[in-house]
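Within every chain, numbering begins at 1; the chains are lettered A, B, ... in the order of the sequence lines, protein sequences first and strands thereafter.
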There are 2 protein chains.
Amino acid sequence: MPLRIAIFDDNKNIRESIAMLLQTEKDFEVVGSFAHVLDCLEDVTQCSPDVILMDIEMPGMTGIEAVKIIKHELPDVLILMQTVFEDDDNVFDSICAGASGYILKNFLNTKLIDAIKELEFGGSPMSPSIARKVLTKMQQIPQHVSNMPAPDYKLTAREKEVLACVVNGLSYKMIGDQLFIGYETVRSHIKHIYEKLHVASLTEVVHKAMKEGIV
Amino acid sequence: MPLRIAIFDDNKNIRESIAMLLQTEKDFEVVGSFAHVLDCLEDVTQCSPDVILMDIEMPGMTGIEAVKIIKHELPDVLILMQTVFEDDDNVFDSICAGASGYILKNFLNTKLIDAIKELEFGGSPMSPSIARKVLTKMQQIPQHVSNMPAPDYKLTAREKEVLACVVNGLSYKMIGDQLFIGYETVRSHIKHIYEKLHVASLTEVVHKAMKEGIV
DNA sequence: TACAATATCCCCACTTTTGGTGATATTTTT
DNA sequence: AAAAATATCACCAAAAGTGGGGATATTGTA
(Lines give C-alpha, C1' and ligand atoms only; values in the text may rest on other atoms or scores of the structure.)
Protein backbone atom coordinates (compact mmCIF):
# COMPACT_ATOMS: atom_id res chain seq x y z
CA MET A 1 0.00 0.00 0.00
CA PRO A 2 1.57 3.25 -1.07
CA LEU A 3 2.06 6.25 1.18
CA ARG A 4 -0.61 8.84 0.47
CA ILE A 5 0.73 12.38 0.24
CA ALA A 6 -1.05 15.72 -0.03
CA ILE A 7 0.59 18.97 -1.04
CA PHE A 8 -0.31 22.50 0.07
CA ASP A 9 1.55 25.26 -1.73
CA ASP A 10 0.35 28.42 -3.35
CA ASN A 11 2.92 28.20 -6.12
CA LYS A 12 1.67 26.05 -8.95
CA ASN A 13 5.13 25.35 -10.32
CA ILE A 14 6.36 24.12 -6.98
CA ARG A 15 3.29 21.95 -6.50
CA GLU A 16 3.79 20.32 -9.85
CA SER A 17 7.48 19.81 -9.53
CA ILE A 18 7.01 18.30 -6.09
CA ALA A 19 4.35 15.99 -7.41
CA MET A 20 6.58 14.99 -10.25
CA LEU A 21 9.46 14.37 -7.91
CA LEU A 22 7.35 12.25 -5.60
CA GLN A 23 6.03 10.16 -8.44
CA THR A 24 9.51 8.87 -9.07
CA GLU A 25 9.03 6.88 -5.87
CA LYS A 26 6.66 4.05 -6.52
CA ASP A 27 5.76 3.79 -2.81
CA PHE A 28 4.44 7.32 -2.86
CA GLU A 29 1.11 8.47 -4.17
CA VAL A 30 0.16 12.12 -4.45
CA VAL A 31 -3.50 12.15 -3.52
CA GLY A 32 -4.07 15.88 -3.41
CA SER A 33 -2.53 19.18 -4.38
CA PHE A 34 -3.95 22.46 -3.16
CA ALA A 35 -3.10 26.10 -3.72
CA HIS A 36 -4.54 27.38 -0.46
CA VAL A 37 -5.60 26.14 2.95
CA LEU A 38 -8.98 27.82 3.26
CA ASP A 39 -10.75 24.52 2.83
CA CYS A 40 -7.91 22.45 4.20
CA LEU A 41 -10.08 20.39 6.49
CA GLU A 42 -12.41 19.31 3.70
CA ASP A 43 -9.52 18.79 1.34
CA VAL A 44 -7.67 16.60 3.77
CA THR A 45 -10.72 14.70 4.89
CA GLN A 46 -11.51 13.97 1.29
CA CYS A 47 -8.14 12.73 0.12
CA SER A 48 -7.13 11.26 3.51
CA PRO A 49 -3.37 11.48 3.17
CA ASP A 50 -0.81 9.87 5.45
CA VAL A 51 1.56 12.75 5.03
CA ILE A 52 0.92 16.40 4.30
CA LEU A 53 3.52 18.67 2.82
CA MET A 54 2.61 22.14 4.02
CA ASP A 55 4.01 25.45 2.88
CA ILE A 56 4.29 27.98 5.70
CA GLU A 57 3.72 31.04 3.58
CA MET A 58 0.21 30.77 2.21
CA PRO A 59 -2.42 33.28 1.16
CA GLY A 60 -5.51 33.78 3.29
CA MET A 61 -4.51 31.58 6.17
CA THR A 62 -1.03 30.74 7.30
CA GLY A 63 0.18 27.19 6.97
CA ILE A 64 0.69 27.09 10.71
CA GLU A 65 -2.97 27.80 11.36
CA ALA A 66 -3.85 25.06 8.92
CA VAL A 67 -1.63 22.63 10.79
CA LYS A 68 -3.45 23.39 14.02
CA ILE A 69 -6.83 22.84 12.42
CA ILE A 70 -5.88 19.68 10.62
CA LYS A 71 -4.06 18.16 13.58
CA HIS A 72 -6.99 18.90 15.82
CA GLU A 73 -9.34 16.90 13.67
CA LEU A 74 -6.89 14.32 12.37
CA PRO A 75 -4.14 13.87 14.94
CA ASP A 76 -2.57 10.98 13.09
CA VAL A 77 -1.57 12.65 9.84
CA LEU A 78 2.07 13.54 9.67
CA ILE A 79 2.81 17.06 8.57
CA LEU A 80 6.06 18.16 7.02
CA MET A 81 6.52 21.91 6.93
CA GLN A 82 8.36 23.49 4.05
CA THR A 83 9.60 27.03 4.06
CA VAL A 84 12.25 29.31 2.70
CA PHE A 85 13.14 30.79 6.07
CA GLU A 86 13.96 29.07 9.28
CA ASP A 87 13.32 31.85 11.74
CA ASP A 88 12.66 30.80 15.30
CA ASP A 89 9.05 31.85 15.54
CA ASN A 90 7.88 29.95 12.51
CA VAL A 91 9.78 26.88 13.55
CA PHE A 92 8.42 26.80 17.07
CA ASP A 93 4.94 27.79 16.10
CA SER A 94 4.87 24.99 13.56
CA ILE A 95 6.10 22.49 16.08
CA CYS A 96 3.58 23.59 18.66
CA ALA A 97 0.88 23.46 16.03
CA GLY A 98 1.70 19.82 15.49
CA ALA A 99 4.16 19.55 12.62
CA SER A 100 6.41 16.50 12.70
CA GLY A 101 9.18 17.74 10.45
CA TYR A 102 10.62 20.81 8.89
CA ILE A 103 12.32 21.04 5.51
CA LEU A 104 13.83 24.02 3.74
CA LYS A 105 12.65 24.70 0.21
CA ASN A 106 16.20 25.00 -1.02
CA PHE A 107 16.74 21.35 -0.31
CA LEU A 108 13.39 20.10 -1.49
CA ASN A 109 14.67 18.31 -4.57
CA THR A 110 17.55 16.61 -2.81
CA LYS A 111 16.02 15.83 0.58
CA LEU A 112 12.27 15.67 0.25
CA ILE A 113 12.08 11.98 -0.49
CA ASP A 114 14.34 11.07 2.38
CA ALA A 115 12.46 13.41 4.68
CA ILE A 116 9.14 11.78 3.90
CA LYS A 117 10.58 8.33 4.38
CA GLU A 118 12.00 9.44 7.69
CA LEU A 119 8.59 10.69 8.73
CA GLU A 120 7.00 7.42 7.78
CA PHE A 121 9.62 5.56 9.74
CA GLY A 122 8.77 7.47 12.92
CA GLY A 123 11.43 10.11 12.68
CA SER A 124 11.31 13.87 12.45
CA PRO A 125 13.34 15.28 9.63
CA MET A 126 14.72 18.73 10.20
CA SER A 127 17.83 20.63 9.36
CA PRO A 128 20.63 20.43 11.91
CA SER A 129 20.33 24.09 12.74
CA ILE A 130 16.62 23.74 13.41
CA ALA A 131 17.33 20.77 15.63
CA ARG A 132 19.73 22.94 17.59
CA LYS A 133 17.13 25.64 17.95
CA VAL A 134 14.63 23.13 19.25
CA LEU A 135 17.06 21.74 21.78
CA THR A 136 18.06 25.18 22.95
CA LYS A 137 14.42 26.04 23.37
CA MET A 138 13.73 22.94 25.39
CA GLN A 139 16.60 23.75 27.68
CA GLN A 140 15.02 27.06 28.54
CA ILE A 141 11.85 25.40 29.66
CA PRO A 142 11.22 24.90 33.38
CA GLN A 143 12.05 21.43 34.61
CA HIS A 144 8.69 20.12 35.57
CA VAL A 145 6.96 20.87 32.29
CA SER A 146 9.64 19.21 30.29
CA ASN A 147 10.43 16.16 32.27
CA MET A 148 10.53 16.24 36.03
CA PRO A 149 7.86 13.98 37.46
CA ALA A 150 5.41 15.61 39.81
CA PRO A 151 6.51 15.00 43.38
CA ASP A 152 4.15 12.74 45.25
CA TYR A 153 2.50 14.40 48.21
CA LYS A 154 0.28 11.37 48.81
CA LEU A 155 -2.89 13.27 48.18
CA THR A 156 -5.97 11.11 47.99
CA ALA A 157 -8.07 11.02 44.84
CA ARG A 158 -10.64 13.29 46.40
CA GLU A 159 -8.05 15.71 47.61
CA LYS A 160 -6.65 15.92 44.11
CA GLU A 161 -10.09 16.75 42.79
CA VAL A 162 -10.46 19.49 45.34
CA LEU A 163 -6.97 20.70 44.56
CA ALA A 164 -7.81 20.97 40.88
CA CYS A 165 -10.81 23.11 41.75
CA VAL A 166 -8.73 25.33 44.00
CA VAL A 167 -6.17 25.83 41.27
CA ASN A 168 -8.93 26.82 38.91
CA GLY A 169 -9.90 29.61 41.25
CA LEU A 170 -13.10 28.17 42.69
CA SER A 171 -14.28 29.19 46.16
CA TYR A 172 -15.08 26.64 48.85
CA LYS A 173 -18.75 26.98 48.12
CA MET A 174 -18.29 26.53 44.37
CA ILE A 175 -16.10 23.49 44.96
CA GLY A 176 -18.78 21.98 47.14
CA ASP A 177 -21.36 22.48 44.42
CA GLN A 178 -19.03 21.13 41.78
CA LEU A 179 -18.22 17.95 43.69
CA PHE A 180 -21.63 17.57 45.33
CA ILE A 181 -20.28 17.82 48.85
CA GLY A 182 -20.81 20.28 51.67
CA TYR A 183 -18.83 23.38 52.48
CA GLU A 184 -17.35 21.83 55.60
CA THR A 185 -16.23 18.80 53.69
CA VAL A 186 -14.39 20.97 51.25
CA ARG A 187 -12.74 22.69 54.17
CA SER A 188 -11.74 19.38 55.62
CA HIS A 189 -10.10 18.27 52.39
CA ILE A 190 -8.31 21.56 52.05
CA LYS A 191 -7.00 21.35 55.58
CA HIS A 192 -5.47 18.03 54.69
CA ILE A 193 -4.04 19.46 51.48
CA TYR A 194 -2.44 22.22 53.53
CA GLU A 195 -0.80 19.68 55.78
CA LYS A 196 0.44 17.47 52.98
CA LEU A 197 1.75 20.35 50.90
CA HIS A 198 3.14 22.20 53.91
CA VAL A 199 1.39 25.43 53.06
CA ALA A 200 -1.12 27.64 54.79
CA SER A 201 -3.09 29.52 52.18
CA LEU A 202 -4.90 29.01 48.92
CA THR A 203 -2.45 31.11 46.99
CA GLU A 204 0.40 28.93 48.14
CA VAL A 205 -1.55 25.86 47.15
CA VAL A 206 -2.12 27.19 43.63
CA HIS A 207 1.49 28.28 43.32
CA LYS A 208 2.95 25.01 44.49
CA ALA A 209 0.53 22.89 42.51
CA MET A 210 1.24 24.75 39.30
CA LYS A 211 4.96 25.10 39.80
CA GLU A 212 5.48 21.46 40.54
CA GLY A 213 3.00 20.21 38.03
CA ILE A 214 0.80 18.44 40.54
CA VAL A 215 -2.27 19.40 38.61
CA MET B 1 42.96 25.36 14.40
CA PRO B 2 41.70 21.85 15.08
CA LEU B 3 38.54 21.04 16.97
CA ARG B 4 39.39 19.96 20.50
CA ILE B 5 37.49 16.90 21.67
CA ALA B 6 37.26 15.21 25.07
CA ILE B 7 35.90 11.75 25.68
CA PHE B 8 34.10 10.44 28.76
CA ASP B 9 33.44 6.71 28.76
CA ASP B 10 34.04 4.09 31.38
CA ASN B 11 34.94 1.47 28.81
CA LYS B 12 38.60 1.69 27.93
CA ASN B 13 38.20 -0.11 24.62
CA ILE B 14 35.50 2.26 23.48
CA ARG B 15 37.54 5.29 24.53
CA GLU B 16 40.50 4.10 22.57
CA SER B 17 38.60 3.12 19.48
CA ILE B 18 36.80 6.44 19.50
CA ALA B 19 40.07 8.27 19.85
CA MET B 20 41.50 6.27 17.01
CA LEU B 21 38.51 6.95 14.83
CA LEU B 22 38.64 10.67 15.53
CA GLN B 23 42.30 10.85 14.72
CA THR B 24 41.54 9.91 11.16
CA GLU B 25 40.14 13.41 10.85
CA LYS B 26 42.96 15.87 10.73
CA ASP B 27 40.70 18.70 11.91
CA PHE B 28 40.01 16.85 15.13
CA GLU B 29 42.22 16.64 18.15
CA VAL B 30 41.47 14.39 21.12
CA VAL B 31 42.59 16.45 24.09
CA GLY B 32 41.31 14.28 26.88
CA SER B 33 39.96 10.82 27.60
CA PHE B 34 38.43 9.96 30.96
CA ALA B 35 36.98 6.83 32.48
CA HIS B 36 34.70 8.56 34.96
CA VAL B 37 33.13 11.96 35.57
CA LEU B 38 33.93 12.39 39.24
CA ASP B 39 36.48 15.08 38.43
CA CYS B 40 34.83 16.13 35.23
CA LEU B 41 34.98 19.83 35.98
CA GLU B 42 38.72 19.78 36.59
CA ASP B 43 39.28 17.48 33.65
CA VAL B 44 37.35 19.70 31.31
CA THR B 45 38.81 22.92 32.62
CA GLN B 46 42.25 21.49 32.15
CA CYS B 47 41.94 20.21 28.59
CA SER B 48 39.42 22.89 27.51
CA PRO B 49 37.67 21.00 24.73
CA ASP B 50 35.28 22.45 22.17
CA VAL B 51 33.26 19.27 22.11
CA ILE B 52 32.68 16.63 24.76
CA LEU B 53 31.60 13.13 23.94
CA MET B 54 29.75 11.92 27.01
CA ASP B 55 28.58 8.44 27.81
CA ILE B 56 25.30 8.36 29.66
CA GLU B 57 25.96 5.24 31.66
CA MET B 58 28.89 5.99 33.91
CA PRO B 59 29.99 4.74 37.30
CA GLY B 60 29.71 6.98 40.33
CA MET B 61 27.90 9.83 38.71
CA THR B 62 25.64 9.67 35.74
CA GLY B 63 26.72 11.35 32.54
CA ILE B 64 23.63 13.53 32.74
CA GLU B 65 24.70 14.95 36.08
CA ALA B 66 28.10 15.64 34.61
CA VAL B 67 26.53 17.52 31.72
CA LYS B 68 24.68 19.76 34.15
CA ILE B 69 27.81 20.53 36.09
CA ILE B 70 29.98 21.14 33.07
CA LYS B 71 27.40 23.24 31.26
CA HIS B 72 26.87 25.33 34.34
CA GLU B 73 30.51 26.30 34.51
CA LEU B 74 31.28 26.23 30.81
CA PRO B 75 28.13 26.99 28.88
CA ASP B 76 29.90 27.13 25.56
CA VAL B 77 31.21 23.59 25.27
CA LEU B 78 29.15 21.40 23.03
CA ILE B 79 28.20 18.07 24.48
CA LEU B 80 27.32 15.04 22.42
CA MET B 81 25.66 12.28 24.40
CA GLN B 82 26.31 8.69 23.48
CA THR B 83 24.24 5.82 24.74
CA VAL B 84 23.02 2.38 23.92
CA PHE B 85 19.42 3.12 24.76
CA GLU B 86 17.23 5.91 23.60
CA ASP B 87 14.57 5.80 26.24
CA ASP B 88 12.61 8.98 26.75
CA ASP B 89 13.83 9.88 30.19
CA ASN B 90 17.49 9.78 29.36
CA VAL B 91 16.97 11.71 26.18
CA PHE B 92 15.00 14.50 27.79
CA ASP B 93 17.11 14.64 30.89
CA SER B 94 20.19 15.00 28.74
CA ILE B 95 18.65 17.74 26.69
CA CYS B 96 17.50 19.61 29.75
CA ALA B 97 20.92 19.19 31.27
CA GLY B 98 22.39 20.93 28.27
CA ALA B 99 23.43 18.35 25.71
CA SER B 100 23.46 19.52 22.11
CA GLY B 101 23.30 16.19 20.38
CA TYR B 102 22.53 12.56 20.92
CA ILE B 103 24.15 9.63 19.17
CA LEU B 104 23.55 5.91 19.59
CA LYS B 105 26.57 3.77 20.30
CA ASN B 106 25.60 1.35 17.57
CA PHE B 107 26.25 4.01 14.99
CA LEU B 108 29.34 5.48 16.55
CA ASN B 109 31.75 4.25 13.92
CA THR B 110 29.63 5.31 10.97
CA LYS B 111 28.13 8.55 12.25
CA LEU B 112 30.32 9.97 14.95
CA ILE B 113 32.47 12.08 12.67
CA ASP B 114 29.48 13.55 10.87
CA ALA B 115 27.75 14.17 14.16
CA ILE B 116 30.67 16.12 15.55
CA LYS B 117 30.95 18.16 12.38
CA GLU B 118 27.26 18.89 12.57
CA LEU B 119 27.71 20.08 16.14
CA GLU B 120 30.55 22.31 15.10
CA PHE B 121 28.41 23.79 12.36
CA GLY B 122 25.69 24.80 14.78
CA GLY B 123 23.52 21.76 14.32
CA SER B 124 22.22 19.14 16.71
CA PRO B 125 22.78 15.62 15.53
CA MET B 126 20.25 13.11 16.74
CA SER B 127 18.54 10.08 15.41
CA PRO B 128 15.26 10.66 13.59
CA SER B 129 13.32 8.84 16.26
CA ILE B 130 14.83 10.99 18.98
CA ALA B 131 13.96 14.07 17.00
CA ARG B 132 10.38 12.88 16.87
CA LYS B 133 10.36 12.34 20.61
CA VAL B 134 11.65 15.82 21.17
CA LEU B 135 9.04 17.37 18.92
CA THR B 136 6.27 15.37 20.49
CA LYS B 137 7.45 16.51 23.87
CA MET B 138 7.52 20.13 22.84
CA GLN B 139 3.99 19.85 21.57
CA GLN B 140 2.81 18.77 24.99
CA ILE B 141 4.26 21.82 26.62
CA PRO B 142 1.94 24.69 27.49
CA GLN B 143 2.00 27.51 24.98
CA HIS B 144 3.49 30.28 27.01
CA VAL B 145 6.58 28.42 28.15
CA SER B 146 7.39 27.23 24.71
CA ASN B 147 6.76 30.25 22.63
CA MET B 148 3.78 32.46 23.29
CA PRO B 149 4.81 35.83 24.64
CA ALA B 150 3.17 36.83 27.91
CA PRO B 151 0.02 38.75 27.11
CA ASP B 152 0.22 42.37 28.14
CA TYR B 153 -2.34 43.34 30.72
CA LYS B 154 -0.84 46.81 31.06
CA LEU B 155 0.07 46.32 34.68
CA THR B 156 2.18 49.09 36.14
CA ALA B 157 5.61 48.34 37.55
CA ARG B 158 4.29 48.51 41.08
CA GLU B 159 1.38 46.28 40.27
CA LYS B 160 3.75 43.73 38.85
CA GLU B 161 5.75 43.80 42.07
CA VAL B 162 2.62 43.24 44.08
CA LEU B 163 1.56 40.52 41.68
CA ALA B 164 4.86 38.73 42.16
CA CYS B 165 4.32 38.79 45.91
CA VAL B 166 0.81 37.47 45.57
CA VAL B 167 2.00 34.63 43.37
CA ASN B 168 4.57 33.78 45.99
CA GLY B 169 1.82 33.32 48.52
CA LEU B 170 2.29 36.43 50.62
CA SER B 171 -0.64 37.95 52.48
CA TYR B 172 -1.59 41.60 52.10
CA LYS B 173 0.19 42.46 55.30
CA MET B 174 3.37 40.65 54.30
CA ILE B 175 3.33 42.33 50.91
CA GLY B 176 3.06 45.70 52.58
CA ASP B 177 6.06 44.96 54.78
CA GLN B 178 7.99 43.64 51.83
CA LEU B 179 7.38 46.69 49.64
CA PHE B 180 7.35 49.22 52.49
CA ILE B 181 3.80 50.34 51.83
CA GLY B 182 0.64 50.21 53.86
CA TYR B 183 -2.00 47.52 53.92
CA GLU B 184 -4.53 49.70 52.16
CA THR B 185 -2.08 50.50 49.42
CA VAL B 186 -1.56 46.84 48.77
CA ARG B 187 -5.28 46.44 48.58
CA SER B 188 -5.52 49.27 46.14
CA HIS B 189 -2.95 47.72 43.84
CA ILE B 190 -4.60 44.34 44.03
CA LYS B 191 -7.96 45.82 43.18
CA HIS B 192 -6.41 47.24 40.05
CA ILE B 193 -4.79 43.91 39.26
CA TYR B 194 -8.19 42.26 39.57
CA GLU B 195 -9.66 44.69 37.09
CA LYS B 196 -6.87 44.38 34.59
CA LEU B 197 -6.73 40.60 34.76
CA HIS B 198 -10.51 40.23 34.90
CA VAL B 199 -10.45 38.07 37.96
CA ALA B 200 -11.92 38.30 41.43
CA SER B 201 -9.75 36.33 43.82
CA LEU B 202 -6.14 35.75 44.73
CA THR B 203 -6.23 32.17 43.58
CA GLU B 204 -7.35 33.26 40.14
CA VAL B 205 -4.58 35.82 40.07
CA VAL B 206 -1.95 33.22 40.89
CA HIS B 207 -3.40 30.78 38.38
CA LYS B 208 -3.59 33.27 35.54
CA ALA B 209 -0.23 34.80 36.26
CA MET B 210 1.49 31.44 36.30
CA LYS B 211 -0.39 29.92 33.39
CA GLU B 212 0.23 32.84 31.10
CA GLY B 213 3.74 33.45 32.25
CA ILE B 214 3.11 36.98 33.45
CA VAL B 215 5.46 36.45 36.34
C1' DT C 1 -11.59 -8.78 63.33
C1' DA C 2 -9.34 -4.75 64.66
C1' DC C 3 -6.95 -0.88 62.84
C1' DA C 4 -5.96 2.77 59.77
C1' DA C 5 -7.23 5.65 56.23
C1' DT C 6 -10.71 8.07 53.80
C1' DA C 7 -14.82 10.85 52.97
C1' DT C 8 -18.29 13.10 54.87
C1' DC C 9 -20.08 16.72 58.00
C1' DC C 10 -20.41 20.19 62.32
C1' DC C 11 -19.23 24.28 65.51
C1' DC C 12 -16.79 28.37 67.26
C1' DA C 13 -13.73 32.06 67.21
C1' DC C 14 -10.57 34.60 64.56
C1' DT C 15 -8.20 36.50 60.58
C1' DT C 16 -8.07 37.74 55.94
C1' DT C 17 -9.94 39.13 51.90
C1' DT C 18 -13.28 41.64 49.07
C1' DG C 19 -16.39 45.53 47.16
C1' DG C 20 -17.49 50.02 47.30
C1' DT C 21 -16.34 54.75 47.82
C1' DG C 22 -13.51 57.78 48.75
C1' DA C 23 -8.84 61.16 49.27
C1' DT C 24 -4.07 63.29 48.20
C1' DA C 25 0.46 63.89 46.11
C1' DT C 26 3.43 62.71 42.29
C1' DT C 27 4.48 61.55 37.75
C1' DT C 28 3.46 61.13 32.94
C1' DT C 29 1.09 62.30 28.95
C1' DT C 30 -1.35 65.38 26.05
C1' DA D 1 -0.70 74.14 31.68
C1' DA D 2 -4.33 70.79 31.92
C1' DA D 3 -5.60 66.03 31.94
C1' DA D 4 -4.68 61.30 32.88
C1' DA D 5 -2.39 57.82 35.13
C1' DT D 6 0.05 56.23 39.18
C1' DA D 7 1.15 55.44 44.01
C1' DT D 8 -0.11 56.23 48.32
C1' DC D 9 -3.56 55.81 52.14
C1' DA D 10 -8.48 55.45 54.71
C1' DC D 11 -13.13 53.48 56.33
C1' DC D 12 -17.03 50.31 56.50
C1' DA D 13 -19.63 46.25 55.97
C1' DA D 14 -19.96 41.78 54.05
C1' DA D 15 -17.93 37.57 52.45
C1' DA D 16 -14.53 34.15 52.55
C1' DG D 17 -11.01 31.64 54.54
C1' DT D 18 -8.30 29.62 58.68
C1' DG D 19 -7.26 26.91 63.04
C1' DG D 20 -8.54 23.82 66.20
C1' DG D 21 -11.20 21.15 67.96
C1' DG D 22 -14.68 17.32 67.10
C1' DA D 23 -18.21 13.18 64.94
C1' DT D 24 -19.83 9.26 61.87
C1' DA D 25 -19.84 5.84 58.17
C1' DT D 26 -17.28 3.35 54.74
C1' DT D 27 -13.48 1.15 52.82
C1' DG D 28 -9.35 -1.13 52.70
C1' DT D 29 -5.56 -3.45 55.14
C1' DA D 30 -2.94 -5.94 58.75
Closest to the [X] side chain: [options]?
{"X": "H189(B)", "options": "dT8(D), dC11(C), dT6(C)", "result": "dT8(D)"}
{"X": "Y172(A)", "options": "dT6(C), dG17(D), dC11(D)", "result": "dG17(D)"}
{"X": "E184(B)", "options": "dC11(D), dT16(C), dT18(D)", "result": "dC11(D)"}
{"X": "R158(B)", "options": "dA7(D), dT17(C), dC9(C)", "result": "dA7(D)"}

Quiz item: Is a donor on one side and an acceptor on the other found under 3.5 Å between the side chain of K105(B) and the backbone of F85(B)?
Solution: no

Length of the [atom1]-[atom2] vector between [X] and [N], whole Å:
{"X": "I190(B)", "N": "dT16(C)", "atom1": "CD1", "atom2": "P", "answer": "14 Å"}
{"X": "F180(B)", "N": "dA7(D)", "atom1": "CZ", "atom2": "P", "answer": "17 Å"}
{"X": "L155(A)", "N": "dA5(C)", "atom1": "CG", "atom2": "C1'", "answer": "14 Å"}
{"X": "R187(A)", "N": "dA13(C)", "atom1": "CZ", "atom2": "C1'", "answer": "11 Å"}
{"X": "M174(A)", "N": "dT18(C)", "atom1": "CE", "atom2": "P", "answer": "14 Å"}
{"X": "I181(A)", "N": "dT6(C)", "atom1": "CD1", "atom2": "C1'", "answer": "12 Å"}
{"X": "I193(B)", "N": "dG19(C)", "atom1": "CD1", "atom2": "C1'", "answer": "16 Å"}
{"X": "K154(B)", "N": "dA4(D)", "atom1": "NZ", "atom2": "C1'", "answer": "16 Å"}

Distance alone, cut at 3.5 Å: any donor-acceptor contact between the side chains of [X] and [Y]?
{"X": "E204(A)", "Y": "Y194(A)", "result": "no"}
{"X": "E159(B)", "Y": "Y153(B)", "result": "no"}
{"X": "S124(B)", "Y": "E118(B)", "result": "no"}

Open item on the list: Measuring to OP1 and OP2 of dA5(C), would you say a side-chain N or O of T156(A) lies under 4.0 angstrom away?
Closed with: no

Next on the checklist: Working note: E184(A) + R187(A), criterion salt bridge (Lys or Arg N to Asp or Glu O under 4.0 Å); need CA distance, chi angles, decisive distance, verdict.
Outcome noted: CA-CA 5 Å; E184(A) 288 298 334; R187(A) 286 199 58 206; 3.7 Å; yes

Spell out yes or no: do the side chain of K191(B) and the base of dT21(C) have one donor N/O and one acceptor N/O closer than 3.5 Å? yes

Using a 4.0 Å heavy-atom cut-off, does [X] contact any base of the nucleic acid, only the sugar-phosphate backbone, or nothing at all?
{"X": "S188(B)", "value": "base"}
{"X": "T185(A)", "value": "base"}
{"X": "Y194(A)", "value": "sugar-phosphate"}

